[in-house]
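Step one of this worksheet: look at the structure below.
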Amino acid sequence: MATLEKIRSKAGLLVLVVGLALFAFIIGDFLNSGSTYFRQTQERVAKVDGEVIKIQDYQGRIDEMTEMYKMQSGQTNLPEEYMNQIRQSVFDAMVQEIVLDEATDKLGMAVSPEELFDMVQGENISPMIQQMQMFVNPQTGQFDKTALLNFLKTIDDDNIASYPADQQAQLLQARNFWLFWEKNIKRQRLEQKYTTLLSKAVSANVLDAKEAFNDAAENSDIVYAMQSYASIPDSTIEVSKSEIEKLYNQRKELYKQKEGKVIKYIAVDIRPSQEDYDKASADIESLKEEFTTSEKVADIVNENSEVPYMDAFFTENAFDPEMKQFATTSEVGSVYGPVFDNNKYRMFKLVDKKVAPDSVKVSHIMLANGDEARTTALADSLMNVLKNGGDFAALAKEFSADQAAENGGELGWFTEITALRGVNEDFKNAVFSTPVNEIAKVKSLYGTHLVKVTEKTANVNKYKVADIDMTVSPSSKTYSNIYNELNQFISQNNDLAKLDEAAKEAGYNLIAGVNVTADNQTLGSIKNSRPVIRWAFQNDKGKISEIFECDDKFVIAGVEGTIKEGYRSVASLTPALKAEIAAQKKGEKIAADLKAKNLTSVEAYADAMGSKVDSVKFINFGTRRISGIGVEPKLNAMVSLAEVGQVSAPVAGNNGVYVFKVYDRNKDAKEYNEAEEIKTLDASNAYRFGFQAIQSLVNKADVEDNRIRFF
């Protein structure tokens with residue numbers, strides 16, 4: 001009881017203690033969850049209608065598309081501008097996927113596994129697959145379903161681990177390639193189903209068909225005179241503030257803007273100094289004697305030139321004009337240069353020349369790398385069979401390990417350079433030295449090839465040229481000098497308000513009042529300048545940046561201000577709106593003055609306008625741009641309605657006032673076909689829906705774009 005009394009007496013204290021403990025627990029949990037929330041926010045590259053796109057997912061898709069591009073282009077490193085395009089393409093695709101999934105989920109629309117199977121290996125192969133060169137039969141130029149099925153069978157092999165390491169890598173790369181395109185095919189099919197549904201809801205009727213036919217079937221030839229709005233000084237036209245505001249309010253929805261920054265910047269070219277040019281000239285000049293006398297031309301080129309030596313013969317059509325002139329007029333062993341052109345020093349040597357076929361057509365049986373003894377034995381056995389009259393194509397289909405097997409081993413035509421680059425030097429030498437219909441054995445990284453030359457082109461003059469190319473680049477000394485000068489300028493002039501005058505005195509060109517948004521990938525035409533834009537969005541008015549290296553320029557920037565998201569101000573649009581209203585008033589004045597003259601010919605109007613009579617043919621109601629005049633929809637309409645031979649009233653257009661006369665009108669000889677016209681209009685509508693429908697969903701979506709934090 002005593003203990004209980006003590007507890008009761010301390011009840012207030014206990015409540016306080018328990019309350020503090022609970023508070024600490026709740027706060028701790030909140031802080032932990034807050035930390036998690038903060039991390040999630042930091043990882044969020046975008047949010048679309050509440051669905052988050054994390055940086056890891058976005059980067060993964062970028063990496064995937066980058067690999068696909070490298071595979072298809074054969075490039076190993078992509079320029080930054082290519083990467084910017086890939087990032088934008090991936091972002092657009094991810095946003096479109098989210099909004100399309102929202103729309104199709106509401107409709108219960110999807111692509112079933114059976115439907116996808118039919119598109120990738122069934123009876124209705126996707127056009128996307130049919131257009132892939134790897135599945136096109138080189139003999140017919142048509143899609144080869146057998147090649148597709150063989151490819152799918154190869155990449156679906158469960159025993160990839162049993163293959164040599166290099167083949168494992170190739171198979172995995174091929175599998176990833178296929179999965180990428182399979183996802184895209186599925187996505188394209190879902191988009192097609194959605195847009196088809198929408199397009200079926202809007203169908204052309206007989207009135208649409210007749211109107212469309214008439215608009216295009218009747219063409220008018222006119223003579224005309226035009227008085228430009230520029231003929232009246234702007235100072236004579238009054239435009240009130242209320243008129244500008246009225247036009248602004250009528251179009252306000254067109255003037256939405258994203259958040260942006262207003263910046264000024266200095267861009268300094270990183271160019272070679274005279275010392276750099278002198279050194280490059282001396283370097284290449286010092287090689288001339290050795291280049292002329294040495295037999296190790298390949299070593300000299302590969303050690304000193306930015307272009308590697310190609311041990312192959314070329315026809316003159318493969319050379320640029322300067323090299324062509326040298327090769328076709330010089331003796332073997334001759335050296336030309338050094339010469340300077342396009343910021344580069346060059347020197348040529350004619351190593352050899354001959355008369356030989358430019359190209360050879362080749363078939364092969366490729367035995368994949370594996371047990372060397374077994375491969376050698378099989379190769380020798382096949383050579384014996386072929387020497388005794390064996391069917392090369394049949395043996396290729398049975399034994400060759402590559403896709404050419406299906407075509408009897410046919411690889412197509414090779415020049416020396418394509419054979420060298422595509423396989424190796426031994427392969428090149430073999431196919432160009434082997435007589436037609438004879439067989440040679442050659443090894444490469446891919447395996448052992450039994451090569452048969454089936455055709456050769458006619459003999460032509462061919463040349464082997466060694467080419468030393470040295471582009472003059474800024475030395476580290478030059479680079480440092482340019483950087484240090486700019487750095488010293490910034491350290492002495494870190495007041496944005498005074499930067500303009502300081503730049504002028506220092507001889508730097510400063511560009512001011514440049515508007516950028518988070519979507520901009522470059523600052524003007526400066527390559528790899530996205531970091532400058534990212535910096536601007538991370539800093540406030542008055543800040544001046546450090547020096548950025550953007551490709552071949554050093555750039556410094558200053559933030560002049562921030563443009564808030566919303567609508568552009570009336571003040572910022574006043575010059576354009578005022579000019580438009582002034583043009584309208586000029587048109588009304590010119591038209592009224594001309595009408596008051598009661599003129600009866602186009603020639604008389606031309607005299608009154610101070611212009612000349614001109615003519616144009618084939619105008620109809622649907623003409624988008626009139627030849628020699630431009631976009632003038634009012635003129636299109638009035639010409640279509642005018643009677644032949646009658647001088648029109650003055651027509652106020654976009655650029656001036658027109659008076660015209662239709663002197664001839666021609667109807668298309670094509671007969672009206674109602675069903676055909678409706679079909680054409682429906683096809684046109686379907687195309688427009690395909691282009692506009694998804695973009696409309698994107699425009700209506702709530703998209704929060706945070707890419708500027710990451711890229």
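Around atom CD of Q274, more than 12 heavy atoms belonging to other residues, nucleotides or ligands sit under 6.0 Å away. In this structure, Q250 places its CD atom where more than 12 heavy-atom neighbours from other residues, nucleotides or ligands lie under 6.0 Å away. Enclosure of atom CZ in F621 is not indicated, since only 12 or fewer non-hydrogen atoms of other residues, nucleotides or ligands lie within 6.0 angstrom. Heavy-atom contacts from other residues, nucleotides or ligands closer than 6.0 Å to CD of E671 number 12 or fewer. Applying the 6.0 Å contact sphere to NZ of K543 captures no more than 12 heavy atoms from other residues, nucleotides or ligands.
Between Y82 and Y69, the angle of the ring planes goes over 60°, which puts this pair in the perpendicular group of the 30/60° scheme.
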query: Given E322 and Y336, is the side chain to side chain donor-acceptor pair (under 3.5 Å) satisfied, shown in steps?
result: CA-CA 10 Å; E322 194 167 23; Y336 172 72; 3.0 Å; yes
field: CA sep, side-chain torsions, deciding dist, call: D593, K589, salt bridge (Lys or Arg N to Asp or Glu O under 4.0 Å)
entry: CA-CA 6 Å; D593 291 347; K589 183 179 186 310; 3.1 Å; yes
- request: Show your working on side chain to side chain contact (heavy atoms under 4.5 Å, CB included) between L523 and V516 and close with a plain yes or no.
  value: CA-CA 8 Å; L523 185 60; V516 294; 3.9 Å; yes
Verdict with reasoning, V514 to Y265, per side chain to side chain contact (heavy atoms under 4.5 Å, CB included): CA-CA 8 Å; V514 179; Y265 68 90; 3.8 Å; yes
query: Which is it for K564 and E259 under the side chain to side chain contact (heavy atoms under 4.5 Å, CB included) test, yes or no, and what are the steps along the way?
result: CA-CA 5 Å; K564 292 183 178 180; E259 180 187 2; over 6 Å; no
- request: Start with the C-alpha distance between D92 and Q96, add both sets of side-chain angles, then the distance that settles side chain to side chain donor-acceptor pair (under 3.5 Å), and finish with yes or no.
  value: CA-CA 6 Å; D92 291 342; Q96 289 171 11; 5.6 Å; no
message: Evaluate D552 against R271 for salt bridge (Lys or Arg N to Asp or Glu O under 4.0 Å), listing each step before the verdict.
response: CA-CA 8 Å; D552 60 349; R271 291 178 175 170; over 6 Å; no
- request: List the steps, then state whether side chain to side chain contact (heavy atoms under 4.5 Å, CB included) holds for I626 with T623.
  value: CA-CA 7 Å; I626 302 174; T623 304; 4.3 Å; yes
message: Assess the residue pair S240 and E243 against the criterion (side chain to side chain donor-acceptor pair (under 3.5 Å)); give the C-alpha distance rounded to whole Å, side-chain angles, the decisive distance to 0.1 Å, and a yes or no.
response: CA-CA 5 Å; S240 68; E243 288 175 314; 3.2 Å; yes
message: Walk me through whether S231 and Q227 qualify under side chain to side chain donor-acceptor pair (under 3.5 Å).
response: CA-CA 7 Å; S231 64; Q227 182 173 345; 3.1 Å; yes
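Taken from CD1 in I544 to CG in N493, the straight-line distance is 8.0 Å, to the nearest 0.5 Å. Interatomic distance, S696 OG to L198 CG, rounded to the nearest 0.5 Å: 9.0 Å. Annotation: the span from S199 atom OG to Q192 atom CD amounts to 9.5 Å, rounded to 0.5 Å. For the atom pair CD (Q521) and OG1 (T517), the distance works out to 9.0 Å, reported to the nearest 0.5 Å. Here NZ of K541 is found 9.0 Å from CG of L496. Values are rounded to the nearest 0.5 Å. To the nearest 0.5 Å, the span separating CD1 on I629 from CD1 on I619 amounts to 5.5 Å.
At a threshold of 4.0 Å, the pair D664-K617 does not count as salt-bridged, since none of the basic side-chain nitrogens sits closer than that to a carboxylate oxygen. We find that K504 and D500 are not joined by a salt bridge, their nearest charged nitrogen and carboxylate oxygen being 4.0 Å or further apart. With respect to R707 and D519, a salt bridge is recorded, a charged nitrogen being found less than 4.0 Å from a carboxylate O. E580 has a carboxylate O that lies under 4.0 Å from a charged side-chain N of R251, or vice versa, which qualifies the two as a salt bridge. Taking the charged nitrogens against the carboxylate oxygens, D221 and K661 have no contact shorter than 4.0 Å, which rules out a salt bridge. Remark: R87 engages E80 in a salt bridge, criterion side-chain N to carboxylate O under 4.0 Å. The pair D705-K258 does not count as a salt bridge, with every side-chain nitrogen at least 4.0 angstrom from each carboxylate oxygen.
Under 3.5 Å, the side chains of N706 and E704 contain a donor-acceptor pair of N or O atoms. Remark: the R187 side chain and the N184 side chain contain no N/O donor-acceptor pair separated by less than 3.5 Å.
Considering all non-hydrogen atoms of both residues, S473 and P272 come closest at C-CG, 4.0 Å. Taking both residues in full, the closest heavy atoms of E632 and N654 are given as OE1-N, 2.6 Å, listed atom of the first, atom of the second, then distance. Closest of all the heavy-atom pairs between F319 and A327 is CE1-CB, 3.8 Å. A pairwise comparison of heavy atoms in S273 and T478 identifies OG-OG1, 3.1 Å as the closest pair. The shortest non-hydrogen separation linking N528 to P531 is O-CD, 3.6 Å. A pairwise comparison of heavy atoms in L577 and Y248 identifies CD1-CB, 3.8 Å as the closest pair.
Annotation: side chain of M638 is in contact with side chain of F660 (closest heavy-atom distance under 4.5 Å). At least one side-chain heavy atom of I270 sits under 4.5 Å from a side-chain heavy atom of F554. D614 places none of its side-chain heavy atoms less than 4.5 Å from the side chain of V223. Residues V657 and Y229 are in side-chain contact: their nearest non-hydrogen atoms beyond the backbone lie under 4.5 Å apart. The shortest side-chain heavy-atom distance between I266 and F489 falls under the 4.5 Å cut-off. You'll find the side chain of N461 stays beyond 4.5 Å of the side chain of E316, heavy atoms only. In this structure, the side chains of V616 and Y224 come closer than 4.5 Å at one or more pairs of heavy atoms. When side chains are defined from C-beta on, V555 does not count as touching I547, because their heavy atoms never get closer than 4.5 Å.
Under the 3.5 Å distance criterion, the side-chain polar atoms of N205 are matched with a main-chain donor or acceptor of L207. At distances below 3.5 Å, at least one donor-acceptor pair connects side-chain atoms of S611 with backbone N or O atoms of M226. The backbone N or O of A557 sits less than 3.5 Å from a side-chain atom of S545, completing a donor-acceptor pair. Distance alone, capped at 3.5 Å, is enough to place a donor-acceptor pair between the S569 side chain and the S572 backbone. Checking side-chain atoms of R346 against main-chain N and O of D341 turns up no donor-acceptor pair under 3.5 Å. For T195 (side chain) and E191 (main-chain N/O), a donor-acceptor pair under 3.5 Å exists by modelled atom type.
Of the candidates N636, N219, N666, N219 is the only one forming a side-chain hydrogen bond (donor to acceptor under 3.5 Å, both in side chains) with N620.
Applying the ring pair (Phe, Tyr, Trp, His ring centres under 6.0 Å) rule to Y277 yields the partners F340; only residues at least two apart in sequence or on another chain are considered.
The cationic atom of K252 (NZ for Lys, CZ for Arg) lies less than 6.0 Å from the six-membered ring centre of Y567 and within 45° of the ring axis.
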